[in-house]
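Structure, as structure tokens:
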Amino acid sequence: MEITVDGRNAIQHAAPGHVEFVRAHFFDRLTRAEQDARASVSRKIIASLQPECD
């Protein structure tokens, strides 16, 4: 499966607004301790998925 040129262009067009929205509505609302906890959980999930991706 491959992304089409039109699909890549759509992603590139949407990305800046998407990043701003996620930052403003999710990450910026977290305290430093909550950000650290989210990062810790994310690392555990990524580590468990890594063998699946290799």
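Among residues two or more places apart in sequence or in another chain, the side chain to side chain donor-acceptor pair (under 3.5 Å) test is passed with Ser40 by none.
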Pairs of donor and acceptor atoms involving the side chains of residues 2-27, under 3.5 Å and at least two apart or interchain, shall be tabulated with distances.
| unit_1 | atom_1 | unit_2 | atom_2 | d |
| --- | --- | --- | --- | --- |
| Thr4 | OG1 | Gly7 | N | 2.9 |
| Asn9 | ND2 | Val5 | O | 3.3 |

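The salt bridge (charged side-chain N to carboxylate O under 4.0 Å, His left out) pairs that include a residue from residues 32-43 are Arg32-Asp36, where partners are two or more places apart or lie in different chains.
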